[in-house]
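Chain A is the first sequence line, chain B the second, and so forth, proteins listed ahead of strands; every chain is numbered from 1.
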2 protein chains.
Amino acid sequence: MTADDIKAMLHASKTMQAIQSEVENTNRIALSVDCVIFGFEENKLKVLLIRSDLKKYKEKWSLLGDLIKPNEDLDSAAYRVLHQRTGLDDIFLEQVHTFGAVKRHPAGRVVTVAYYSLINVEHHKLKILDNELHWQDVKTVTDLAFDHQEIFDTCYKRLQKRIQEHPLGFNLLPKKFSLRELQNLYESILDIKMDRRNFRKKFFSMNLLTDINEMEKDVPHRPGKLYQFNFKKYEKNKKTWIGIDF
Amino acid sequence: MTADDIKAMLHASKTMQAIQSEVENTNRIALSVDCVIFGFEENKLKVLLIRSDLKKYKEKWSLLGDLIKPNEDLDSAAYRVLHQRTGLDDIFLEQVHTFGAVKRHPAGRVVTVAYYSLINVEHHKLKILDNELHWQDVKTVTDLAFDHQEIFDTCYKRLQKRIQEHPLGFNLLPKKFSLRELQNLYESILDIKMDRRNFRKKFFSMNLLTDINEMEKDVPHRPGKLYQFNFKKYEKNKKTWIGIDF
DNA sequence: ATTTAATGTGTAATATTAACACATTATTTG
DNA sequence: CAAATAATGTGTTAATATTACACATTAAAT
């Protein structure tokens, strides 16, 4: 579509002109993205938080976010925030919900699009030198700044749901992992205990794991086998996942 | 929080000032809501569409939407659009996804928050006098204006998923309905055939239906019993719903 | 009185999920 | 080097949930 096309369209439609005028003038709103960045460390599900900008919220932590630029796609903005903070590309990212209460942010009307992402903590460990940032156990996240607690809760619930429907968990693990690590991951995310035999049976029956004939090293007990995630057969296994009720 | 509090905060934080300035000036974007309004009529799942504003898209249908006002909550904007078009209050509404590609709308940068809603067609039949509006069978929705096809597809998939997890379907039915109507609804939404006996067994076992001791009237065959939806026991039945795989 | 088009009902086979225990192995400790 | 430790690895049975399937019944229409 050329500029002339657009002009022609605009002249052709009164309604359209009205929209155009509104778009240009009064009805614009600041838009941001906020990312709930999950990582798995020390057998705990953690979230990356930053000290709040505002004096009033100085003691509180908040999610990582930024304003969306006028020429930037939503997802690009979310990726930008992630890349800036973690140095990682190619990150799992899912849009969750848009929060737009008029008074949600003290700086004025800011509507925010919330994403969560799953990252492999090992891959970017060196990047968090900044002491404004830290990884926090999700179980202890209770009082974030602004409406970020609500955003976090919503994203965490979404993750809990998704992980029972799709094999997302692998994004949080190193390339090679043991079944214990995998089960710990699920147990941390869902905050439940699972039966080891049934868990193993389930994953093996789904053909998602490739046995790479390596063993764990430097563990103070009998080492377990290491596996890799096998994406190939995933599509065939959409039906049931981990049989956990909420 | 008083105005002075805000002022104090703003002076206290350089970053905050920067945000404030950006919020006020350059980084604002037009925001809209678009609603995929579902209705159930003649045993078909339908969607309410409006003829497109734009000359270029004159032959195409589009979703109902409007710009969000600077002092309006997101959900309020969606409710407003629904109320304006259907005259109904107290409508089932769920936010689905926010679409924000820079070039998604020919009128310039407009980010849109998509909702779907479920309405009882009987309740508002009289309101659609406007010939710019019509109900269209979802099966024939193939070429909407702008990116509305993508929005529609996303919302329809969400509905298909949700209806297997929660008892939303009742929002589309009259207060009293037969099991045939209920099953037709599920079959239309999911675009599958279901076994009648198993369907009935499932719903009865969930204690969601109240037998009101009335029968269908004016049907050209043996009339069925009428039921009402019973919300009371819903929370207890979160686990399984209609056992359909995707 | 017959045809029509639906309602209403139960059981058996299959698949999935849940519960449950013991021998094995590498490491660490005494 | 023997014992203790802390994990891995493995199979079966019971309970539950899902699927497949057929015939008598009823009210209205012809």
Side-chain angles (χ1 to χ4, degrees), chain A residues 42-43 163-165 167 173 176-188 190 192-228 236-246, chain B residues 42-43 163-167 173 176-188 190 192-228 233 236-246:
Chain A
E42 298 162 338
N43 274 336
I163 202 150
Q164 291 179 74
E165 300 170 337
L173 291 174
K176 303 172 181 182
F177 51 85
S178 67
L179 275 170
R180 174 178 33 83
E181 289 174 297
L182 187 61
Q183 184 172 345
N184 283 342
L185 175 66
Y186 276 79
E187 292 183 338
S188 305
L190 298 173
I192 53 170
K193 287 286 165 203
M194 297 166 90
D195 180 272
R196 193 153 50 96
R197 275 175 289 189
N198 292 338
F199 183 87
R200 297 165 74 92
K201 226 184 307 172
K202 188 83 177 180
F203 269 89
F204 288 138
S205 76
M206 291 190 294
N207 281 102
L208 279 166
L209 301 177
T210 302
D211 181 344
I212 53 172
N213 289 310
E214 290 183 51
M215 305 296 276
E216 283 182 302
K217 276 170 190 163
D218 304 318
V219 287
H221 53 79
R222 175 178 175 182
K225 278 188 163 184
L226 293 175
Y227 296 86
Q228 283 182 357
K236 295 180 185 164
N237 290 295
K238 281 199 177 173
K239 190 184 176 183
T240 22
W241 253 82
I242 307 297
I244 309 298
D245 305 341
F246 275 117
Chain B
E42 299 162 338
N43 275 335
I163 203 152
Q164 291 180 75
E165 300 171 338
H166 302 287
L173 292 174
K176 303 170 181 183
F177 51 85
S178 67
L179 274 170
R180 175 178 33 82
E181 290 175 295
L182 186 62
Q183 184 171 345
N184 284 341
L185 174 67
Y186 275 80
E187 291 183 339
S188 306
L190 297 173
I192 54 170
K193 287 287 166 202
M194 297 166 90
D195 179 90
R196 194 152 49 93
R197 275 176 290 190
N198 293 338
F199 183 87
R200 297 165 76 90
K201 226 185 309 172
K202 188 83 176 178
F203 270 88
F204 288 138
S205 76
M206 290 191 294
N207 281 100
L208 278 167
L209 301 177
T210 302
D211 181 345
I212 54 173
N213 288 309
E214 289 183 53
M215 305 296 277
E216 283 183 300
K217 277 171 187 161
D218 305 317
V219 286
H221 54 76
R222 175 178 175 183
K225 278 188 163 184
L226 293 176
Y227 296 87
Q228 283 184 356
K233 300 203 179 169
K236 294 179 186 168
N237 289 296
K238 280 199 177 172
K239 189 185 174 182
T240 21
W241 252 83
I242 307 297
I244 310 296
D245 305 340
F246 274 117

To the nearest Å, how far apart are [X] [atom1] and [N] [atom2]?
X	N	atom1	atom2	value
B:Met194	D:dC21	CE	P	17 Å
A:Asp211	D:dG9	CG	P	9 Å
B:Phe199	C:dT9	CZ	P	15 Å
A:Phe177	D:dT8	CZ	P	14 Å
B:Phe204	C:dT9	CZ	C1'	10 Å
B:Asp195	C:dT11	CG	P	16 Å
A:Arg180	D:dA7	CZ	P	8 Å
B:Glu216	D:dA28	CD	C1'	13 Å

Query raised in the report: Going from CD on A:Glu216 to CG on A:Leu179, what distance comes out if it is rounded to the nearest 0.5 angstrom?
Result: 9.5 Å
**Report entry** CD1 on B:Ile192 to CE on B:Met194, rounded to 0.5 Å
**Finding:** 5.0 Å
Query - Salt-bridge criterion met for A:Glu214 and A:Lys225 (N-O under 4.0 Å) - result: no
Contact between [X] and [Y] at the side-chain level, heavy atoms closer than 4.5 Å - yes or no?
X	Y	value
A:Met215	A:Leu226	no
B:Leu209	B:Phe204	yes
B:Leu182	B:Phe199	yes

Query raised in the report: For B:Lys202 and D:dT18, is the shortest distance between a side-chain N/O and OP1 or OP2 below 4.0 Å?
Result: yes
Requested in this report: Please determine if a side-chain N or O atom of A:Lys201 lies less than 4.0 Å away from the OP1 or OP2 oxygen of D:dG11.
Outcome: no
Report task. Indicate for each nucleotide in nucleotides 21-30 of chain C, in 5' to 3' sequence, whether protein heavy atoms under 4.0 Å reach the base (B), only the sugar-phosphate (S), or nothing (-). Result -> B--BBBS---
Requested in this report: Give a yes or no on whether the backbone of B:Ser178 and the side-chain of B:Glu181 come within a donor-acceptor separation of less than 3.5 Å.
Outcome: yes
**Report entry** Selected nucleotide, minimal atom distance to B:Arg200 side chain, candidates C:dG8, D:dC21, D:dA7
**Finding:** C:dG8
